[in-house]
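Okay, so here's the structure we're looking at.
Whatever order the structure lists ligands and atoms in, that order sets their numbers, starting from 1.
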Amino acid sequence: MGYFCSFTSGSQGNSGLYVSGDARILVDAGTTAKYISACLACLGLSPVDLTHIAITHCHSDHVSALPVLLKRTGARIVCSSTTYEYLNVNTKDPLLFEEGEELSLGGVTVRTAATPHDCLGSCCYSFGEGEGSLAVCTDIGAVTPEVFRLMSGSRNVIIEANHDLEMLKNGPYPYNLKRRILSPYGHLSNDDCGLVAARLALDGTSNITLAHLSRTNNRPEVAFNTVSAAMARHGAPVGALRGVAEARKMKMILEF
Ligand SMILES: [Zn+2]
Ligand SMILES: [Zn+2]
């Protein structure tokens with residue numbers, strides 16, 4: 001028995017909880033400790049119940065709650081060695097790895113892959129096996145073979161659909177920031193996400209959720225429609241696209 005619940009997702013903050021057996025793994029902590037505690041309370045949990053906090057990379061939209069949260073929990077920090085160097089947190093016994101290594105967290109098999117993103121040590125994760133397997137892949141400028149392998153090995157996938165290309169190009173961001181987002185070390189567009197989602201669904205992924213939408217350069221319905229149209233164009237089963245994880249909305253992505 002287990003689940004993954006998204007607490008918040010988007011360019012403003014990211015956090016969710018993967019539960020399987022005795023493992024209660026918080027995936028990123030890029031919001032406030034108060035909000036994470038409130039989400040945990042909705043699930044009948046509190047920060048002391050967390051066993052691990054797995055961090056993808058050290059951008060503030062993934063780690064901002066850590067300093068306060070770590071005072072309220074004995075959970076073990078899990079992240080790449082490089083990420084830990086930049087985290088600047090005081091924690092005993094962190095579980096550090098090199099991107100690409102496989103781990104076991106409280107009996108849950110966790111796979112990792114380096115992500116092409118403008119942040120050293122950045123990685124993505126998959127958790128669990130079979131029905132309960134879930135890949136969480138956001139903050140990826142491009143989908144590398146390693147990242148695709150991690151996603152295609154999971155029954156359930158959370159994948160970034162960061163921006164609509166036209167909204168970004170015509171939007172208010174300065175030129176340099178637009179270039180950064182569009183680079184292979186930036187964020188995945190709705191169009192690029194659509195191609196990957198089509199391949200995943202054709203390969204048998206049955207539950208695809210879009211995540212890490214830009215508040216300025218995307219809308220949930222725009223992302224959903226663009227990705228589902230791409231899937232249809234490529235003959236992929238559109239029903240595999242289940243929804244969008246949104247900012248400051250708790251959403252049960254997976255129950256098993
Ligand atoms: Zn991010
Ligand atoms: Zn980032």
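Within 6.0 Å of the CZ atom in Arg179, the count of heavy atoms belonging to other residues, nucleotides or ligands does not exceed 12.
Under the 3.5 Å distance criterion, the side-chain polar atoms of Ser126 are left unmatched by any main-chain donor or acceptor of Leu150. With hydrogens and angles disregarded, a donor-acceptor distance shorter than 3.5 Å links the side chain of Asn170 to the backbone of Glu166.
Taking 2.8 Å as the criterion, His117 counts as a coordinating residue of the Zn ion (ligand 2), since one of its N, O or S atoms falls below it. Not one N, O or S atom of His62 sits under 2.8 Å from the Zn ion (ligand 2). The Zn ion (ligand 2) does not have His187 among its coordinating residues (no N/O/S atom, backbone or side chain, under 2.8 Å). The Zn ion (ligand 1) has an N, O or S atom of His212 inside 2.8 Å of it.
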Hey, mind stepping through Arg155 and Glu131 against salt bridge (Lys or Arg N to Asp or Glu O under 4.0 Å) and telling me if it holds?
CA-CA 6 Å; Arg155 201 73 58 87; Glu131 287 297 314; 2.5 Å; yes
Starting from the C-alpha separation in whole Å, work towards a yes-or-no answer on ring pair (Phe, Tyr, Trp, His ring centres under 6.0 Å) for Tyr125 and Phe127.
CA-CA 7 Å; Tyr125 294 98; Phe127 302 90; 5.6 Å; yes
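For the Zn ion (ligand 2), the nearest N, O or S atom contributed by His59 is named ND1. The N, O or S atom of Asp61 lying closest to the Zn ion (ligand 1) is OD2. The name of the N, O or S atom in Asp139 nearest to the Zn ion (ligand 1) is OD2.
Within the 4.5 Å cutoff, the side chain of Arg76 has no heavy atoms near those of the Thr51 side chain.
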